Amino acid sequence: MADMIVTIDGPAGVGKSTVAHRLAERLGAAFLDTGAMYRALTLAAIRKNVPLTDADKVLEVLRASDFQFRIADAEMTAAIDGQDVTAAIRTPEITAQVRHVAAAPMLRAALVDMQRRFAAEQDAVVTEGRDQGTVAFPDAPYKFFLTADVDERAKRRKRQLAQCGTEVDITAIRYDMIERDTSDENRSTGPLVPAADAVMIDTTNLQAEEVVDTMMEHIKGERHGYN
Ligand code: DC
């Protein structure tokens with residue numbers, strides 16, 4: 001396992017990816033966007049016409065496919081069986097469907113396994129998702145949980161989608177976010193909940209760089225050698 005693991009959890013649109021990526025750069029660590037794994041499995045199952053509610057069949061898809069996740073620029077790229085799906089996993093359709101995979105305990109267990117294998121190959125890793133500090137890496141020395149007002153999160157997600165050339169009505173984004181938060185918070189396995197030892201950061205009025213600075217202060221305060 002990586003010696004240095006930083007977990008960042010929080011709801012949709014809170015800025016986890018941006019912050020995790022920048023923090024990883026500052027620490028010289030690898031960056032893992034675990035949402036990309038849930039998205040990629042959802043897409044793989046849809047492409048194979050497997051009903052997302054049939055977890056056994058989706059698990060077969062997972063076992064039979066070759067998933068690759070790599071860091072490029074500010075995001076994680078994803079490929080399924082050698083085909084790049086980085087953009088395809090971020091469409092509103094996948095966003096709307098991913099909750100089926102996220103809610104299935106056996107699929108979560110398989111993906112947590114994938115996350116641990118990824119971390120095992122790195123010296124240091126910053127990983128972001130919903131259950132990184134609670135389930136995937138409960139012994140991580142540094143844990144953060146980000147929150148932000150839902151209106152601000154919807155604005156951020158709209159901006160992010162626009163940068164990828166997708167225009168979506170902000171009311172629809174906001175509605176979808178609340179629905180996804182509710183589903184993430186209420187599932188029985190790996191729910192969206194802060195680890196008891198996570199540092200809480202409200203990012204509503206903070207720029208990404210300020211969030212990273214706050215995290216660095218915590219990390220440097222507790223351990224030397226990272227600056
Ligand atoms: O962070 P994101 O929007 O890319 O995540 C996509 C979905 O995957 C999200 O609806 C919740 C789920 N997810 C999860 O259940 N656990 C994780 N560790 C990461 C994502």
Side-chain angles (χ1 to χ4, degrees), residues 9-18 20-21 31-55 57-108 110-112 114-115 118 127-132 150 153-154 156-187 189-192:
D9 292 303
V14 78
K16 296 186 299 289
S17 270
T18 310
H21 181 260
F31 153 62
L32 177 59
D33 165 3
T34 61
M37 293 177 166
Y38 286 84
R39 290 170 178 275
L41 180 54
T42 302
L43 179 66
I46 290 173
R47 286 191 172 172
K48 295 219 155 92
N49 290 320
V50 165
L52 292 169
T53 46
D54 188 339
K57 289 249 161 59
V58 178
L59 188 63
E60 280 174 29
V61 173
L62 176 67
R63 302 268 181 250
S65 313
D66 177 31
F67 292 94
Q68 289 214 317
F69 301 96
R70 291 219 173 82
I71 303 140
D73 298 328
E75 77 175 346
M76 209 159 108
T77 66
I80 305 172
D81 295 332
Q83 191 196 358
D84 185 84
V85 293
T86 309
I89 61 171
R90 302 198 182 281
T91 61
E93 289 74 18
I94 296 296
T95 304
Q97 297 296 323
V98 71
R99 69 195 155 90
H100 299 291
V101 168
M106 78 166 91
L107 299 177
R108 296 199 69 84
L111 292 177
V112 164
M114 200 188 265
Q115 291 151 24
F118 180 94
T127 176
E128 62 97 341
R130 307 293 191 285
D131 59 347
Q132 297 301 284
V150 69
R153 290 194 282 131
R156 288 180 193 169
R157 183 51 60 95
K158 182 169 170 60
R159 236 180 282 137
Q160 201 180 32
L161 285 167
Q163 277 165 7
C164 307
T166 315
E167 286 301 334
V168 184
D169 174 49
I170 194 151
T171 318
I173 296 177
R174 190 179 183 282
Y175 177 83
D176 169 62
M177 259 177 184
I178 293 172
E179 248 203 347
R180 223 148 48 101
D181 289 351
T182 308
S183 156
D184 282 342
E185 284 162 3
N186 291 307
R187 66 172 163 253
T189 313
L192 172 65

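What you see is a predicted model, and the numbers here were worked out from it, not measured in a lab.
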Under the rule for side chain to side chain donor-acceptor pair (under 3.5 Å), what residues qualify as partners of [X], not counting sequence neighbours?
X	result
R174	D151
Q115	Q132
T77	none

Testing the basics here: between [X] and [Y], what is the closest heavy-atom pair and its distance to 0.1 Å?
X	Y	result
Y38	V101	CD2-CG1, 3.9 Å
A88	L43	CB-CD2, 3.8 Å
L52	A45	CD2-CB, 3.7 Å
G129	T34	CA-OG1, 3.3 Å
A36	F69	O-CE2, 3.8 Å
M177	A12	CE-O, 3.8 Å

What distance separates [X] [atom1] from [Y] [atom2], expressed to the nearest 0.5 Å?
X	Y	atom1	atom2	value
F118	T127	CZ	OG1	8.0 Å
T18	Q160	OG1	CD	6.0 Å
L41	R108	CG	CZ	11.5 Å
I170	R159	CD1	CZ	9.0 Å
I173	R156	CD1	CZ	13.5 Å
T189	D131	OG1	CG	10.0 Å

Are the side chains of [Y] and [X] in contact, using a 4.5 Å heavy-atom criterion?
X	Y	result
L192	P11	yes
H100	L107	no
F67	M37	no
S183	R99	yes

Report task. Hey, could you give me each pair passing side-chain hydrogen bond (donor to acceptor under 3.5 Å, both in side chains) that has a residue in residues 39-49? Not counting sequence neighbours. Result ->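 Listed once each, the pairs are R39-T95, R47-Q83.
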Look only at the side chain of [X] and the backbone of [Y], and say whether a donor-acceptor pair between them is shorter than 3.5 Å.
X	Y	result
K16	G10	yes
T166	A162	no
R70	M76	no
D81	D66	yes

Query raised in the report: Residues in side chain to side chain contact (heavy atoms under 4.5 Å, CB included) with N186, at least two apart?
Result: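 For N186, the residues satisfying side chain to side chain contact (heavy atoms under 4.5 Å, CB included) (neighbours in sequence not counted) are T182.
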**Report entry** Side-chain ion pair, D181 and R153, N-O less than 4.0 Å
**Finding:**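 The answer is yes: the pair qualifies as a salt bridge.
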Query raised in the report: Is any NZ, NE, NH1 or NH2 atom of the basic residue among R130 and D9 found under 4.0 Å from an Asp or Glu carboxylate oxygen of the other?
Result: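 D9 and R130: not salt-bridged.
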Report task. Hey, could you give me each pair passing salt bridge (charged side-chain N to carboxylate O under 4.0 Å, His left out) that has a residue in residues 85-97? Not counting sequence neighbours. Result ->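 Sorted pair list: D33-R90, E75-R90.
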